[in-house]
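Numbers for residues simply follow the sequence, beginning at 1. Every heavy atom of this structure was used, including side-chain atoms; hydrogens, water molecules and symmetry mates were not. Remember, it's a predicted structure, so these values are computed and weren't measured experimentally. Atoms within each ligand, like the ligands themselves, are counted from 1 in listed order.
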Amino acid sequence: MPINELPDSETHRAVAANLDSVGNAIAAAARAVNREPEDVRLIAVSKSQPMERVRAALMAGHRVFGENRVQEASERWAELRPEFSGIELHFIGHLQSNKAAEAVALFDVIHSIDRPKIAGAIAGEARRQSRRPTCLLQINTGGESQKSGVAPRDAAQLLAVCRDEHGLTMSGLMCIPPVDEEPSPHFALLADLANRLNLPMVSMGMSGDYEIAIRLGATHVRVGTAIFGRREPRQ
Ligand SMILES: *Cc1c(COP(=O)(O)O)cnc(C)c1O
């Protein structure tokens, strides 16, 4: 039965079972290419999910979560963080400069640095708040005009600006392939670029394609629906 139709009492069991099967699939995909399962981190994407499902993942022992709206995430995690220790929060959405303060206060990892202005805003807040978020560059591998991300050929230059001008801790790259294309070439491009830039974190792969992403070198997969079920429409 789809998780959305379950009564609350069964939500916890369903989320725990999904976490288990996604975890097993991650391990199998890693082993298939002679990688260690522990070298792939599962980011459970909790955006737009009802609180009870997120709580279910926490109670099942999961601690790494992804969100794409600063405001929504602030409210949710203000409630959950005091209840569970060791929570690690990843920001995976488009970031606006006027949300930099809140984002730096809340998130441990920011996947979506894509322009000098936001790098400067994050860096300024990091200094003010004495925080050191781990940062990734978002790469627009498909060259889509409506999508965030820096072009692959401009990545090295933006990386240098982030590090040298702003002193950010730059650790990796992320991408969201075009929805209507086969993801493999995009994943291969991202992994290759990360390798050439000497960056250890490669954030790619979602519910429909995380196993492919792992085979092509993902170190962080961002999985929402396959863990929590279909998202609630946003208000
Ligand atoms: C929503 C989202 C995901 C998760 O998508 P699913 O298909 O539900 O797994 C991953 N990455 C980003 C950037 C997202 O916005």
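Residue contact check: G224 has heavy atoms under 4.0 Å from atoms 4 (C), 6 (P), 8 (O), 9 (O) of ligand 1. Close contacts between ligand 1 and S207 involve ligand atoms 6 (P), 7 (O), 8 (O), 9 (O) [criterion: under 4.0 Å to a heavy atom]. For ligand 1, the atoms lying closer than 4.0 Å to a non-hydrogen atom of V223 are 9 (O).
Of all protein heavy atoms, the one closest to atom 11 (N) of ligand 1 is R222 NE, 2.9 Å. Protein heavy atom closest to atom 8 (O) of ligand 1, with residue, atom name and distance, is T225 OG1, 2.4 Å. Closest to atom 1 (C) of ligand 1 among all protein heavy atoms lies K47 NZ, 1.5 Å. The protein atom (non-hydrogen) at minimum distance from atom 12 (C) of ligand 1 is I92 CD1, 3.5 Å. Nearest protein neighbour of atom 10 (C) of ligand 1, counting heavy atoms only, is M206 SD, 3.4 Å.
Residue-ligand proximity: R231 is placed with a non-hydrogen atom under 4.0 Å from ligand 1.
You'll find the side chain of P133 reaches within 4.5 Å of the side chain of I122, heavy atoms only.
The local environment of CZ in R41 is sparse, with at most 12 non-hydrogen atoms from other residues, nucleotides or ligands closer than 6.0 Å. Heavy-atom neighbours of D164 CG from other residues, nucleotides or ligands within 6.0 Å: above the threshold of 12. In M51, the CE atom is crowded: over 12 heavy atoms of neighbouring residues, nucleotides or ligands sit closer than 6.0 Å.
In this structure, a donor-acceptor pair under 3.5 Å is present between the side chains of E88 and H90.
In terms of modelled atom types and a separation under 3.5 Å, the side chain of N140 and the main chain of G143 share a donor-acceptor contact. In this structure, the side chain of T141 does not engage the main chain of H186 through any donor-acceptor pair within 3.5 Å.
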